[in-house]
2 protein chains.
Amino acid sequence: MEVTIVDNQQLEIQKKIDKVLCGKAEVESCCPIKDILARFGDKWSIYTILTLGKQEKVRFNELKSQITGVSQRMLTVTLRSLEEDGLVSRQVYPEIPPRVEYSLTPLGQGLLLQLLQLADWAKLNIDQILEAREKYAKKEKQVQLT
Amino acid sequence: MEVTIVDNQQLEIQKKIDKVLCGKAEVESCCPIKDILARFGDKWSIYTILTLGKQEKVRFNELKSQITGVSQRMLTVTLRSLEEDGLVSRQVYPEIPPRVEYSLTPLGQGLLLQLLQLADWAKLNIDQILEAREKYAKKEKQVQLT
DNA sequence: CTGTATCCCTCTGGATACTG
DNA sequence: CAGTATCCAGAGGGATACAG
């Protein structure tokens with residue numbers, strides 16, 4: 001029966017959620033998704049990962065010019081944190097002037113694929129979301145008139 | 001040849017990245033992934049979506065007690081923003097005392113599935129990441145000693 | 001060229017008190 | 001019960017100057 005299949009799916013999902021939440025929805029839990037999200041939930045990490053994904057090796061200033069609007073400081077900070085998690089590798093050439101090349105590690109490329117999947121979903125559903133926002137804005141206006 | 005296949009994959013990925021970045025990595029661009037991420041990149045949205053995903057309908061205080069550590073204010077703010085994007089629906093029963101039930105919309109359930117996929121990746125790779133962090137910490141220590 | 005250091009401002013989010 | 005309003009501390013991040 002259809003219902004059973006749907007119910008089973010639902011059960012599977014709930015099991016997964018329980019695992020992700022580790023039983024409790026604690027902020028400081030072992031929850032790996034929160035840990036991962038902390039790494040690209042900030043302002044520049046996604047752009048950095050995507051931009052690094054477009055090429056094999058990129059130098060610092062090259063990267064900076066490709067990511068519009070990022071400050072020198074924040075690019076450094078972002079790259080360091082990605083490097084710390086093994087998502088990005090940093091190759092320093094002891095020359096003068098110094099040359100440093102950044103690239104995605106295999107781990108970083110794996111995350112990139114996940115991000116692209118998320119982007120696929122986003123593109124498919126962005127219209128629905130924008131529509132919902134308009135509806136919400138209209139409803140808010142009406143409430144304020146009363 | 002293997003190489004060709006790999007190259008083709010790489011080309012596909014680069015195309016996708018270009019689309020996501022809309023040509024330029026501009027912060028205020030049309031980039032849908034950034035828009036989506038802005039919705040669950042904050043402190044409480046993920047927990048809220050996951051917790052809502054575990055049941056069909058949940059009342060406000062019930063939700064508050066299930067999400068450990070969230071303040072009343074932030075739960076309200078989070079729910080409102082999710083509602084605004086059509087990810088969560090809010091059903092008010094005009095009773096005394098008031099009763100309000102929250103639930104995921106189909107759109108929200110779609111996002112939940114994406115999050116669970118991300119969680120799968122996270123769980124598979126969290127060990128590698130933790131290992132990378134340890135290595136990085138050791139390297140930092142050595143640098144500081146010099 | 002590739003950073004680091006400092007200052008400073010904004011925005012997020014927590015605590016608390018009040019309301020329909 | 002389910003919020004809203006207000007205040008405030010701390011983190012995130014931009015601008016700028018300096019350094020190896």
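Below, each value reflects all heavy atoms present in this structure, side chains not excepted, and no hydrogens, waters or symmetry copies. Below, chain A is the first sequence line, B the second, and so on; all start at residue 1.
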* Asked: How about Ser89(A) and Thr105(A): does a side-chain donor come under 3.5 Å of a side-chain acceptor?
  -> no
* Asked: At how many degrees, to 10°, do the end axes of the helix from dC1(C)-dG20(D) to dG20(C)-dC1(D) meet when each uses five pairs?
  -> 40°
* Asked: What one-letter contact string describes nucleotides 13-20 of chain C from 5' to 3', where B marks a base within less than 4.0 Å of any protein heavy atom, S marks contact via sugar-phosphate atoms alone, and - marks no contact?
  -> BBB----B
* Any donor-acceptor N or O pair under 3.5 Å, side chains Glu62(B), Gln55(B) -> no
* Structure fact -> Heavy atoms of Leu104(A) and Ile49(A) approach each other most closely as CD1-O, 3.9 Å
* Asked: Which residues pass the side chain to side chain donor-acceptor pair (under 3.5 Å) test with Ser81(A), sequence neighbours left out?
  -> Arg39(A)
* To do: Can you see which heavy atom on Ile33(B) is nearest to which on Ala119(A), and at what distance?
  => CD1-CB, 4.0 Å
* Structure fact -> Here the distance between atom P of dC1(C) and atom CG of Asn61(A), to the nearest Å, is 5 Å
* Pull out every residue in residues 83-91 of chain B that has a heavy atom closer than 4.0 Å to any atom of DNA chain D, ordered by number, or say none. => Arg90(B)
* Cluster check Leu82(B), Leu113(B): I/L/V/M/F/W/Y, side chain < 4.5 angstrom -> yes
* Asked: side chain to side chain donor-acceptor pair (under 3.5 Å) with Glu95(A): which residues, sequence neighbours excluded?
  -> Arg99(A)
* Structure fact -> DNA chain D: first to last nucleotide in contact with chain A (atom under 4.0 angstrom from a heavy atom), 5' to 3', is dG13(D) to dG20(D)
